[in-house]
Number of protein chains: 2
Amino acid sequence: MVLPTKIEEARRVYIESLTETMAMYGLSPSMGRLYGTMFFHEDPMTLDEMMDLTGMSKTSMSTGVRALSSLKLVHKKWLKGVRKDLYEAEHDQVRSFVEFFCVMWDKEIELNARAISRTEDDLRKLLDEADITPEETTMIYNDLERLTKAKLYYAWLKELVKTFESGKIFEHVPVPKQEQVED
Amino acid sequence: MVLPTKIEEARRVYIESLTETMAMYGLSPSMGRLYGTMFFHEDPMTLDEMMDLTGMSKTSMSTGVRALSSLKLVHKKWLKGVRKDLYEAEHDQVRSFVEFFCVMWDKEIELNARAISRTEDDLRKLLDEADITPEETTMIYNDLERLTKAKLYYAWLKELVKTFESGKIFEHVPVPKQEQVED
DNA sequence: CAGTATGTACAGTTTATATTGTACGGTTTT
DNA sequence: AAAACCGTACAATATAAACTGTACATACTG
């Protein structure tokens, strides 16, 4: 039984690449390695198995797998007779992608909508102040216009999320079939 | 002239929010603050102006603005008679969004396509080894199948990028008009 | 009900990243 | 041609994030 190591080594190349990709989107290395490991693992995994295979601490596995869960890259699986929590990587990567970005974009929308409102309010209040100069007034109007434009962006993004979440995006960008992809 | 400070304070709320958003996608705080500052700034900015307004070092401005440039969130602007480099934030945020993600997704595709090929090759070679067990063989076939599925994902992603870059996405998810957005 | 197993909070440590300051090469100005 | 200016490389530092180990709460087992 010397091969498993070699298989793992082959896997490692892609796992590292996945890790780097996920780092691009702000996910930690441990999450990347964990996800990659789960990607190749046949059965749902326990925290202890993850610990063994990644060589990392149980705490990292616990927090990592929960984070991956909330991003919909991984999900809990229940198997009767098994007491430990089991997790497996989402099989459908396109779906994972879609959900991941919808989560991110939703966060973005919510976070910034709030901030825009506050900034707008503050700016409008300034317009009422007595000692405001004409330059400052135009400055404020410019800012408000910019924010109004920004809101259009967030409105669009909201629509985009809807298109992704509803699966409508696949009408316009269908998932290719095996045969349609040359190596 | 007491107000400018107050205007800046109002702006700061949204700038911080933008910074947080960009942090979500793996961009550094300084890049976030810089972009936010440029978002509100009327004219194209020099590195020195950025330094003043953000209160950060010139080095940060230099590296930051170049990084933002390569992500298409900011672009150089040339004005005759001005010796210093000038930069301004991309006005069209939807466009920025689209280009940003296309850059990211392209990186992802290229990075992983390479890795998948290598992993596939390594796994196929293992199939030829003499001392391979049946279990290991099925293991390898499982892995190869997973990778084949993964390639479908990247093929889809490539199509998605095309749809975004070509602007075709706006046929399906149009940018709303002012009137269509209630606060 | 004691004893064991499981997952997580939390503080501490390590590691990586972000940011700065100085120095330098290339350009323009005088 | 000297002087001033501008942007960036690079090393040093400050800051933040990732990661680990221990300890604990909860749930299960006998």
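Note on naming: letters A, B, ... go to the chains in the order of the sequence lines (proteins, then strands), and numbering restarts at 1 for each one. In what follows, every heavy atom counts, from backbone to side chain, and hydrogens, waters and symmetry copies are set aside. Treat the numbers as computed from the prediction; the structure is a model and nothing was measured.
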Sequence-distant partners of [X], side chain to side chain donor-acceptor pair (under 3.5 Å), two or more places apart:
X      : value
A:K72  : none
A:E159 : A:K162
A:S17  : B:N112
A:K84  : A:D48

* Residue pair A:E42, B:R146: steps toward the salt bridge (Lys or Arg N to Asp or Glu O under 4.0 Å) verdict -> CA-CA 10 Å; A:E42 191 69 13; B:R146 257 183 263 275; 2.7 Å; yes
* Kindly state which residues belonging to residues 24-40 of chain B come within less than 4.0 angstrom of DNA chain C, counting heavy atoms of the residue only, listed by number. =>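 Listed by number, they are B:S28, B:P29, B:S30, B:R33.
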* Asked: What are the bounds, 5' to 3', of the part of DNA chain D that sits under 4.0 Å from heavy atoms of chain B?
  ->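 So the outermost contacting nucleotides come out as D:dC5 to D:dC10.
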* What string of B, S and - do you get for nucleotides 4-14 of chain C 5' to 3' if you count protein non-hydrogen atoms under 4.0 Å? -> -BSSBBB----
* Asked: Excluding sequence neighbours, so at least two apart, what forms ring pair (Phe, Tyr, Trp, His ring centres under 6.0 Å) with B:Y141?
  ->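 Counting only residues at least two positions away or on another chain, B:Y141 forms no ring pair (Phe, Tyr, Trp, His ring centres under 6.0 Å).
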Under 3.5 Å, sequence neighbours excluded: what are the donor-acceptor pairs made by side chains of residues 52-65 of chain A?
unit_1 : atom_1 : unit_2 : atom_2 : d
A:T54  : OG1    : A:M50  : O      : 2.8
A:T54  : OG1    : A:M56  : N      : 3.3
A:S57  : OG     : A:S60  : N      : 3.2
A:S57  : OG     : A:S60  : OG     : 3.4
A:T63  : OG1    : A:T59  : O      : 3.1
A:T63  : OG1    : A:S60  : O      : 3.2

* **Qualifying ring-ring contact (aromatic ring centres under 6.0 Å, His included) pairs, either residue in residues 26-85 of chain B, two or more places apart** =>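 Every ring-ring contact (aromatic ring centres under 6.0 Å, His included) pair that includes a residue of residues 26-85 of chain B, provided the two are not neighbours, is B:Y14-B:F39.
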* **A:V82: hydrophobic cluster co-members (side-chain, 4.5 Å)** =>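 Answer for A:V82: A:L79, A:L86.
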Let me check something: any side-chain donor-acceptor pairs from residues 100-110 of chain A under 3.5 Å, sequence neighbours excluded? List them with distances.
unit_1 : atom_1 : unit_2 : atom_2 : d
A:E108 : OE1    : B:Y25  : OH     : 2.8
A:E108 : OE2    : A:Y153 : OH     : 2.8
A:E110 : OE2    : A:R114 : NH2    : 2.8

